[in-house]
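Just so we're on the same page: letters track the sequence lines, and every chain starts at 1. In this text the structure is predicted, and so the values were computed from the model without any measurement.
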4 protein chains.
Amino acid sequence: MTNDRPKRGRPRSHTSREAILGAVRHRLLADGYLRLTIEAVAAEAGVSKATIYRWWKTKGELVLEAAEGDISIGLVPETNDPRADVEAAIHQLVDTFSRPLASIVIFAAIATGESDPVMAQIFRDRYVYPWRVSAAAAMVRALPEDRSEASEVQFLLDVIVGTVFQRTLVLREPNTVGLKGRLMSVIFPI
Amino acid sequence: MTNDRPKRGRPRSHTSREAILGAVRHRLLADGYLRLTIEAVAAEAGVSKATIYRWWKTKGELVLEAAEGDISIGLVPETNDPRADVEAAIHQLVDTFSRPLASIVIFAAIATGESDPVMAQIFRDRYVYPWRVSAAAAMVRALPEDRSEASEVQFLLDVIVGTVFQRTLVLREPNTVGLKGRLMSVIFPI
Amino acid sequence: MTNDRPKRGRPRSHTSREAILGAVRHRLLADGYLRLTIEAVAAEAGVSKATIYRWWKTKGELVLEAAEGDISIGLVPETNDPRADVEAAIHQLVDTFSRPLASIVIFAAIATGESDPVMAQIFRDRYVYPWRVSAAAAMVRALPEDRSEASEVQFLLDVIVGTVFQRTLVLREPNTVGLKGRLMSVIFPI
Amino acid sequence: MTNDRPKRGRPRSHTSREAILGAVRHRLLADGYLRLTIEAVAAEAGVSKATIYRWWKTKGELVLEAAEGDISIGLVPETNDPRADVEAAIHQLVDTFSRPLASIVIFAAIATGESDPVMAQIFRDRYVYPWRVSAAAAMVRALPEDRSEASEVQFLLDVIVGTVFQRTLVLREPNTVGLKGRLMSVIFPI
DNA sequence: ACTTAAGCGAGACGGTACGTCTCGTCTTAAC
DNA sequence: GTTAAGACGAGACGTACCGTCTCGCTTAAGT
């Protein structure tokens, strides 16, 4: 993230950078990830294709950077109420997956994992893993000792992520009312 | 599916049909869905591109037909033991999602929903909905009355499908040991 | 020149071939050889770039074929009057070099010899050598025995070609009146 | 050639000027004129592209200046032996056209006349015309009165230049033995 | 057997986008 | 005030597939 390039030469233009990322966002919302072309982004941003390729190696990197603010999910809080922390984790997930830009890009990062492993890798390293680690910690705190082994915690995270993914990105169900509560009851019965 | 073309003229060649579908399967396993090109299929099958386009309108239809046997999930059984039926439903899901060809094609059907809605639609109508209807019936039978309202049943199906999808297709975790049991405990606590 | 391709497949379109060659001629006359781009030819001909690249490997080949009729210089006649034959040879040269399209393409074939040796080679093999052979024969017939050794004949051909080239292509002197007569006096004094 | 820039500020670096011209010479000999790029010259000279563009408007000017010493042909001498002067003129031509760097640059100056008229113009004004004027004077002195009209003299100069050009630059014939003598016999028969 | 209608291979075609290249200009910080 | 470094817009390069379109041949069902 930090830019350790030498300070010589013409500095990178913030104008064109913003124009590019703005055009990417616009085209993503208009056409989706698969139909987004570098050529169209360059044209809309009033920028040369070479400028895009100079700074982003692949469409995936470009799109991840353009949607960074929307995708960013943060860490699960660590309060005195562990169940509330888990609930917050679910909320973060539902909230992020519900943003138009984020839903497109997250879906693309997963869907193109096969053909663009770099994008999938960056996505995992930058957003999925950190969240999962803090969510797992919250889960351990919230569960009784006899349910808090690693494999059970990972399973419950998969239940949460899988269910939210299924609802919001696969079925494209915008109504998430009750989803959080139902997930909580399924994780913490009684 | 039924072929209402006039019976005159040279009949459709079964040889080339099989060669095409075989080539599709081979290319899917070798390159994946996104990297599969009609051109490569035609070349490998020793067939003209026009022949492919004559019989399949889109890459999606072609791929779904090529993987039909592997994708087919069937209906959830209806025995005297409703919990066993639900368990069977989960098993069908895990089993199908674990087949190499099926995992590629199911993933593609979901992933390209944005840009190829026809493929997603066919996939849903032909495989997802029938299974979900019978799985929902099994679930209703297995649940106590106070949990068997439609929205709760649909939610539990999303938990099952989402979790299995997450494990097998997103995380590409081939080890599904314990998955079935854990899902059952989450759906039927105590 | 003869087309020994197999008769299978869709036949080559004469329409697009003519459109391409016509566009090449137009662009050559408008912009010259160096400024001619394949992209502009494709656009003007209403043709895809791939169609041009399918049939012509290089800009040089394309241009030589487009100007074929204008460049073609033919062979030097072989009559009973050898001096008249030499005069005819000079006339062919002046005449060909004076045609707008031919002058552009011949100049290009020579000028780009350094960077496009293929074009120069085709040009030499197809037009220069045959003409030179027949011109040398006429020269041998026209000269007294003591001047008709090979090196002298080649020198005289270089005088003819060089002078005409200098006048028409380097100095771009369209007025060629007297040129033929003066060359004849220089070659055949007395 | 003279540098009329203001005398204030950092003076033009002779070091980089020489580095640039040296790199141009090297690249000309290695790759030829058409394949020479400003980018490669800058890289080889350890100089910024902007520095080159600041001092030379076009590739043509740059190349002409880099090859100045080699191209320079001087004036035809004016002795008591006019035929010897003409012979000296031919010798200057053959000699200059035979130098590797000069042959590349002279050829380029003529060949790119179509697309870079400035280079052709500078070349003509600086080298061709002065030599032609003095060569024409020598020719007038050497010829009998009845052959020394302007158009005949210009024609004979075209014969000389054209023939030498043809031999050395078009046919790339390094063997110029006999060429001078033959040209003399053709210009001065008997 | 003869006709006729489709199936089929080969492959040409107009498009669109790719990712690369070089051009000549512009913008900094360093000297 | 010039320089090296190097970002930039422009635009052509040659390639890859797309989905469509001829062709001339092959294959059977209907005559």
**Q** Decide yes or no on side-chain contact (heavy atoms from CB on, under 4.5 Å) for Val41(A) and Ile52(A), but give the supporting numbers first.
**A** CA-CA 9 Å; Val41(A) 169; Ile52(A) 299 180; 3.8 Å; yes
**Q** Reckon Trp55(D) has a side-chain N or O less than 4.0 Å from the OP1 or OP2 of dT3(F)?
**A**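 Result: yes.
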**Q** Any side-chain N or O of Thr51(A) under 4.0 Å from OP1/OP2 of dG9(F)?
**A**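 Yes.
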**Q** For Asp31(B) and dC17(F), what is the distance between atoms CG and P respectively, to the nearest whole Å?
**A**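 Value for this atom pair: 10 Å.
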**Q** Can you give one letter per nucleotide of nucleotides 21-26 of chain E, 5' to 3': B if a protein heavy atom sits under 4.0 Å from the base, S if only from the sugar-phosphate, - if neither?
**A** BSSBBB
**Q** Identify which one of Ile110(B), Val63(B), Thr58(B) satisfies the side-chain contact (heavy atoms from CB on, under 4.5 Å) criterion when paired with Met119(B).
**A**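 Among Ile110(B), Val63(B), Thr58(B), the one that satisfies the side-chain contact (heavy atoms from CB on, under 4.5 Å) with Met119(B) is Val63(B).
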**Q** Quick one: do Glu68(D) and Arg126(D) satisfy side-chain contact (heavy atoms from CB on, under 4.5 Å)? Show the steps, please.
**A** CA-CA 10 Å; Glu68(D) 196 165 42; Arg126(D) 201 175 294 163; 4.1 Å; yes
**Q** Got a second to check how far Trp56(C)'s CH2 is from Ile20(C)'s CD1, nearest 0.5 Å?
**A**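 Here the rounded value is 4.5 Å.
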**Q** Using atom CG of Leu62(C) as one end and atom C1' of dG14(F) as the other, report the distance to the nearest whole Å.
**A**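 That distance rounds to 14 Å.
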**Q** What is the separation between atom NE2 on His14(B) and atom C1' on dT27(F), rounded to the nearest whole Å?
**A**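 The answer, rounded to whole Å, is 14 Å.
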**Q** Output, in order, the C-alpha distance, side-chain angles, deciding distance and verdict of side-chain contact (heavy atoms from CB on, under 4.5 Å) for Phe123(D) and Ile71(D).
**A** CA-CA 9 Å; Phe123(D) 176 67; Ile71(D) 299 173; 4.0 Å; yes
**Q** Just how far is it from atom NE2 of His26(C) to atom CD of Glu44(C), taken to the nearest 0.5 Å?
**A**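 Between atom NE2 of His26(C) and atom CD of Glu44(C) there are 5.5 Å.
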**Q** What's the separation between atom OG1 in Thr37(C) and atom CG in Asp31(C), rounded to the nearest 0.5 Å?
**A**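 One finds 8.0 Å between OG1 of Thr37(C) and CG of Asp31(C).
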**Q** On the ring face of Trp55(B), is Arg17(B) found with NZ or CZ under 6.0 Å from the centre and within 45° of the axis?
**A**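 The answer is no, since Arg17(B) fails at least one limit relative to Trp55(B).
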**Q** Is Arg12(C) close enough to dC13(E) that one of its side-chain N or O atoms is under 4.0 Å from OP1 or OP2 there?
**A**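 False: Arg12(C) side-chain N/O out of range (4.0 Å or more) of dC13(E) OP1/OP2.
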**Q** What is the separation between atom CZ on Arg54(D) and atom P on dT2(F), rounded to the nearest whole Å?
**A**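 Rounded to whole Å, this separation is 6 Å.
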**Q** Could you give the CH2-to-P distance, from Trp56(B) to dC18(F), as a whole number of Å?
**A**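 Checked: the CH2 to P distance equals 15 Å.
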**Q** What's the angle between the local helix axes at either end of the helix from dT3(E)-dA29(F) to dC31(E)-dG1(F), using five pairs per end and rounding to 10 degrees?
**A**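 Comparing the axis at each end, I get an angle of 10°.
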**Q** Would you check if the side chain of Glu114(B) reaches a backbone N or O of Tyr33(A) as a donor-acceptor pair within less than 3.5 Å?
**A**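 Side chain of Glu114(B) to backbone of Tyr33(A): a pair is present.
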**Q** Round to the nearest Å and state the distance from Ile52(C) atom CD1 to dA16(F) atom C1'.
**A**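 So the two atoms are 17 Å apart, to the nearest Å.
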**Q** Going through the checks in order, is the side-chain contact (heavy atoms from CB on, under 4.5 Å) test met by Leu169(A) and Ile106(A)?
**A** CA-CA 9 Å; Leu169(A) 300 190; Ile106(A) 292 170; 4.1 Å; yes
**Q** Under 4.0 Å from any atom of DNA chain F, heavy atoms only: list the residues of residues 15-28 of chain B that qualify, in numerical order.
**A**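 Those residues: none at all.
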**Q** What distance do Leu62(D) atom CG and Leu36(D) atom CG have between them, rounded to the nearest 0.5 Å?
**A**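 Rounded to the nearest 0.5 Å, the CG-CG separation comes to 7.0 Å.
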